[in-house]
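Comments concern the structure below.
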Amino acid sequence: MFTRISTSAAVLALMAGSALAQQTDITIGMVLEPPNLDPTGGAAAAIDEVVYANVFEGLTRYTQDGSIAPALAQSWEVSEDGTVYTFMLRDGVSFHDGSAMTAEDVVFTLDRARAEDSTNAQKALFAGIETVEAVDDSTVRVTLSGPDGAFPVKMAWGDAVIVAPESAETNATNPVGTGPFRFSDWVQGDRVELVRNDDYWGEPAALTEATFKFIADPTAAFAAMMAEDVDAFPNFPAPETMAQFETDARFKLILGSTEGETILSMNNKTDTLSDIRVRQAISHAINRQDIIDGAMFGFGTPIGTHFAPHHPDYVDLTGQSAYDPERAVQLLEEAGASDLTLSLKLPPPTYARRGGEIIAAQLREVGIDTEIENLEWAQWLETVFRGKDFDLTIVSHTEPLDINIYARPEYYFQYDNPEFQALMADIEAETDAAARSEMYRQAQRTIADDYVNGYLFQLAKTGVANARIEGMWENAPTQANDLTGVRWTE
Amino acid sequence: MARFIASRLVSLILSLVVASVAIFVVIELVPGDPAGFMLGLNATPEAIAALRAEMGLTDGPLARYLTWTGGMLTGDFGTSYTYKVPVADLVAARLWVSLPLTAYALALSTLIAVPVGLLAASRRGRPADFAVMGATQLGIAVPNFWFAMLLVLVFAITWRVFPSGGFPGWEDGLWPGLRALTLPAVALALPQASILARVMRSALIETLGQDYIRTARAKGLSQGQSVRRHALRNALIPVMTILGLQFSFLLAGAIIIENVFFLPGLGRLIFQGITQRDLIVVESVVMLLVFAVILVTFLVDVAYALVDPRLRRA
């Protein structure tokens with residue numbers, strides 16, 4: 001009986017193997033289901049992970065290495081003073097409902113995003129816009145209130161994708177974009193299905209169908225990969241099983257970096273933590289490698305400031321806050337801070353919950369007690385993020401190039417340094433690339449010198465895929481699963 | 001009988017009103033703002049305020065309670081904050097998974113439990129009885145998620161005869177749907193069958209000791225005849241109570257199994273609703289479940305009365 005079953009299973013597997021040779025459909029596993037499919041009306045990363053670059057496109061777009069490429073705008077010009085951008089739109093682009101994409105749609109999109117009643121989660125991206133006008137059908141002129149060298153980067157965000165007035169209100173459940181895939185079906189709680197857009201303006205995708213399947217449980221994710229019910233899992237939730245996939249010839253690992261600076265945030269306004277010596281002591285008490293090994297199974301790159309290590313302007317400042325418990329004890333003595341008990345409020349992700357336990361142990365070594373409190377995301381947003389009722393918390397900041405959050409004194413860790421704020425304002429206005437780079441390096445040093453937060457590690461992207469799939473993004477410059485270049489080999 | 005049903009109906013309606021108030025108050029007290037949750041870390045306060053207004057969260061609690069309950073009376077359960085589709089549609093879609101799964105699991109557990117319970121009761125104190133008692137003890141003790149993982153390992157990863165999870169939908173036909181629900185149903189049915197078999201056994205043993213069974217035997221009925229004609233019917237009351245409880249438990253309580261098999265069922269809908277602060281979904285689904293439980297209890301009460309005429313006067 002047993003042999004018969006396994007023989008027939010083998011026959012089935014062989015048949016499946018030959019049928020898969022011309023495979024043009026793919027099933028992608030995701031941990032979280034998007035709450036809706038409108039990237040201009042919600043912050044959930046899962047929205048972009050389904051629709052960015054697949055269904056929706058912006059004027060510009062992120063590429064795999066984090067650089068910005070033309071998308072619906074084939075080129076753009078910026079005025080001498082850096083305040084007027086003129087975007088030349090691509091011709092012959094149409095939305096999935098058949099209507100043409102014109103300059104009017106761009107004007108509508110940008111005006112809608114910055115309107116008073118806008119519910120765009122990244123409204124700040126559009127704050128600098130003064131007017132948007134359609135010069136002709138394929139030219140859009142954007143006038144800014146001040147020079148902004150990074151404006152094309154802002155237009156690459158998922159929150160800035162171009163939508164049509166006819167479909168903008170229903171994109172949440174029936175997204176209509178210009179991308180290489182069109183929306184086909186959404187079985188809430190289970191999957192979203194996309195099919196290839198045969199009228200795509202660019203090179204058509206190799207895949208004809210793509211299914212995003214939502215599997216929250218790490219064990220279930222493992223089983224689904226092993227049973228080959230899912231072809232790729234770009235952000236695999238069970239890093240402890242990666243070694244098993246590595247030794248299995250059916251699979252390959254897709255390892256890369258994300259934009260997620262994972263930090264031990266400190267409330268800079270509390271009595272104890274407003275003392276830089278206490279913050280510095282905490283930074284020295286932390287052994288980053290222990291946290292990466294213990295909480296992330298070795299995946300992650302140590303960081304010494306709030307900047308992505310793969311960015312060309314990154315400065316390695318890990319030495320400045322190197323693991324040195326004796327120095328930490330000494331600093332605490334100097335600050336006169338003995339018998340410290342700090343609250344450590346942890347959101348749900350593994351990096352926070354597991355990392356928090358390790359950090360609590362490391363802090364105890366230098367004489368700081370912590371009270372760990374586990375919070376759900378909604379609670380965390382209310383008490384920590386908006387209520388600022390915390391001493392320490394761990395969170396990964398996943399937006400690209402988000403060092404500018406340190407220029408917002410009301411931001412939850414409440415770092416208030418006018419010099420830094422001036423520096424960020426200058427970067428915004430600077431259009432010369434070399435000068436910007438130098439300023440970014442300065443900014444990284446400033447927040448490291450001030451020991452604003454404990455900088456832990458850059459979140460890794462740990463993915464698993466069928467070995468015959470190629471073209472998946474290794475890194476995640478923005479949270480996306482761009483399927484444009486994905487294909488099956490053989 | 002009519003008076004019996006009427007009195008049960010009144011208590012049904014009262015329970016629903018009390019439940020709706022309790023659910024609304026509890027949800028009101030939960031910290032966390034759905035709009036803030038949706039818009040994330042970088043949202044401006046104006047954007048959050050705009051979204052709150054769009055969701056209708058700016059009204060007072062009493063107004064929202066009345067809108068909610070009034071809507072439910074007319075069959076309108078509101079619109080999900082996060083999914084932006086009517087809650088009724090969401091629930092309907094989930095019920096297509098949860099109801100068949102519950103029915104499948106209950107059918108499996110009854111099919112296993114009744115004969116096994118009968119066998120154990122009629123072979124009381126003999127090896128077959130001991131074997132049943134031992135196996136059912138194990139069935140109750142084994143955590144069902146662990147058993148589910150074991151099933152996946154054997155049937156999905158090693159033999160590949162069943163999918164590891166997910167649900168293709170019924171539009172692809174009956175077989176793919178049943179196939180996807182088989183492993184979860186087995187995982188759910190095993191502990192339930194164990195409980196049911198033990199209840200069946202002890203209920204039968206108790207009735208078999210009754211005077212009327214001895215009388216029946218004295219009249220010349222065989223052991224089997226007396227069980228079929230007299231004991232079984234009397235033993236069904238506790239079994240039906242357990243089945244009613246199991247139905248309501250399985251409908252929403254399958255959440256862990258739904259997670260292991262990533263099935264889009266009701267349990268996961270509530271769980272997602274809670275974490276995303278999609279409060280309207282949580283309120284409406286919990287209310288529906290309360291309704292289902294109360295309705296099932298009501299139906300079980302009526303069924304008792306049908307099985308046992310003595311209860312009709314109660």
Side-chain angles (χ1 to χ4, degrees), chain A residues 5-6 9 12-13 16 33-36 38 41-45 115-125 127 170 172-173 187-191 213-217 219-221 223-230 348 376-383 385-386 395 397-399 402 405 412, chain B residues 30-48 50-51 53-54 80-85 89-90 93-94 97 145 149 152-153 156-169 256 258-265 268-269 271-272 274-278:
Chain A
I5 288 178
S6 51
L12 271 177
E33 177 176 29
N36 63 69
D38 180 4
E116 184 114 17
D117 61 349
S118 155
T119 55
N120 195 298
Q122 308 288 349
K123 211 175 160 184
L125 293 177
T170 51
T173 48
V187 180
Q188 261 104 5
D190 189 53
R191 64 185 184 273
K213 222 164 169 34
F214 312 116
I215 306 176
D217 185 65
T219 319
M225 276 311 297
M226 275 293 169
E228 295 184 42
D229 290 340
V230 165
E376 286 174 81
W377 270 123
Q379 271 177 302
W380 185 88
L381 282 171
E382 184 140 317
T383 51
F385 193 72
R386 279 184 243 295
V395 71
H397 286 263
T398 53
E399 262 78 42
D402 54 4
I405 56 179
Y412 73 104
Chain B
V30 173
D33 170 26
F37 183 82
M38 275 182 73
L39 294 183
L41 300 191
N42 278 13
T44 57
E46 306 92 76
I48 293 176
L51 188 60
E54 202 180 291
S80 159
Y81 296 152
T82 40
Y83 286 128
K84 298 194 173 156
V85 294
D89 292 2
L90 276 179
R94 301 301 176 105
V97 180
F145 70 91
M149 275 151 50
V152 170
L153 191 67
I157 296 181
T158 313
W159 290 348
R160 304 233 192 149
V161 283
F162 288 107
S164 65
F167 185 71
I256 294 173
E258 283 174 15
N259 254 334
V260 173
F261 292 100
F262 45 102
L263 293 171
R268 262 180 73 200
L269 180 66
F271 183 68
Q272 279 179 333
I274 292 172
T275 52
Q276 298 175 338
R277 289 296 182 271
D278 197 344

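Convention: sequence-line order gives letters A, B, ...; per-chain numbering from 1. Being a predicted model, the structure only gives us computed values, none of them experimental.
For Ala224(A), the parts sitting under 4.5 Å from any heavy atom of chain B are the backbone and the side chain alike. Of the two parts of Pro34(A), only the backbone, made up of N, CA, C and O, holds a non-hydrogen atom closer than 4.5 Å to a non-hydrogen atom of chain B. Both the backbone and the side chain of Met38(B) come within contact range of chain A, judged by heavy atoms closer than 4.5 Å. Both the backbone and the side chain of Leu51(B) come within less than 4.5 Å of a heavy atom of chain A. Interface remark: Pro168(B) contributes backbone atoms only to the contact with chain A (heavy atom separation under 4.5 Å).
Shortest non-hydrogen contact noted between Ser164(B) and Ala227(A) is CB-CB, 3.9 Å. Of all heavy-atom pairs spanning Thr44(B) and Ala124(A), the tightest one is CG2-N, 4.4 Å. Nearest heavy-atom pair across Ile274(B) and Glu376(A) is O-OE1, 3.9 Å. Between Arg277(B) and Ala378(A) the shortest heavy-atom distance is CG-CB, 3.2 Å. Phe167(B) and Arg191(A) make their closest contact through O-NH1, 2.9 Å (heavy atoms, listed as atom of the first residue, atom of the second, distance).
Residue with the most contacts toward chain B among Ser118(A), Ala44(A), Ala45(A), Ala221(A): Ser118(A) (heavy-atom pairs, distance under 4.5 Å). For the options Ile215(A), Val187(A), Asn36(A), Asp117(A), heavy-atom pairs under 4.5 Å to chain B are most numerous at Ile215(A).
Residues that satisfy the salt bridge (charged side-chain N to carboxylate O under 4.0 Å, His left out) test with Glu399(A), not counting sequence neighbours, are absent from this structure.
At a threshold of 4.5 Å between non-hydrogen side-chain atoms, the residues Leu39(B) and Lys123(A) do not count as touching. Under the 4.5 Å side-chain criterion, counting only non-hydrogen atoms from C-beta, Glu33(A) is in contact with Tyr83(B).
To the nearest 0.5 Å, atom CG of residue Asp217(A) and atom CD of residue Glu258(B) are 12.5 Å apart. Between the CD atom of Glu228(A) and the CD1 atom of Ile157(B) there is a distance of 10.5 Å, given to the nearest 0.5 Å. Note that OG1 of Thr119(A) is 11.0 Å distant from CD1 of Ile48(B), once rounded to the nearest 0.5 Å. Here the straight-line distance linking atom CZ of Phe37(B) with atom CG of Leu381(A) works out to 7.0 Å at 0.5 Å rounding. The CG atom of Asn120(A) sits 12.0 Å away from the CD atom of Glu46(B) when rounded to the nearest 0.5 Å. Remark: Met226(A) CE to Arg160(B) CZ distance equals 10.0 Å, nearest 0.5 Å.
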Worksheet entry | Full working for side chain to side chain contact (heavy atoms under 4.5 Å, CB included) between Asp38(A) and Lys84(B) | CA-CA 11 Å; Asp38(A) 180 4; Lys84(B) 298 194 173 156; 5.7 Å; no
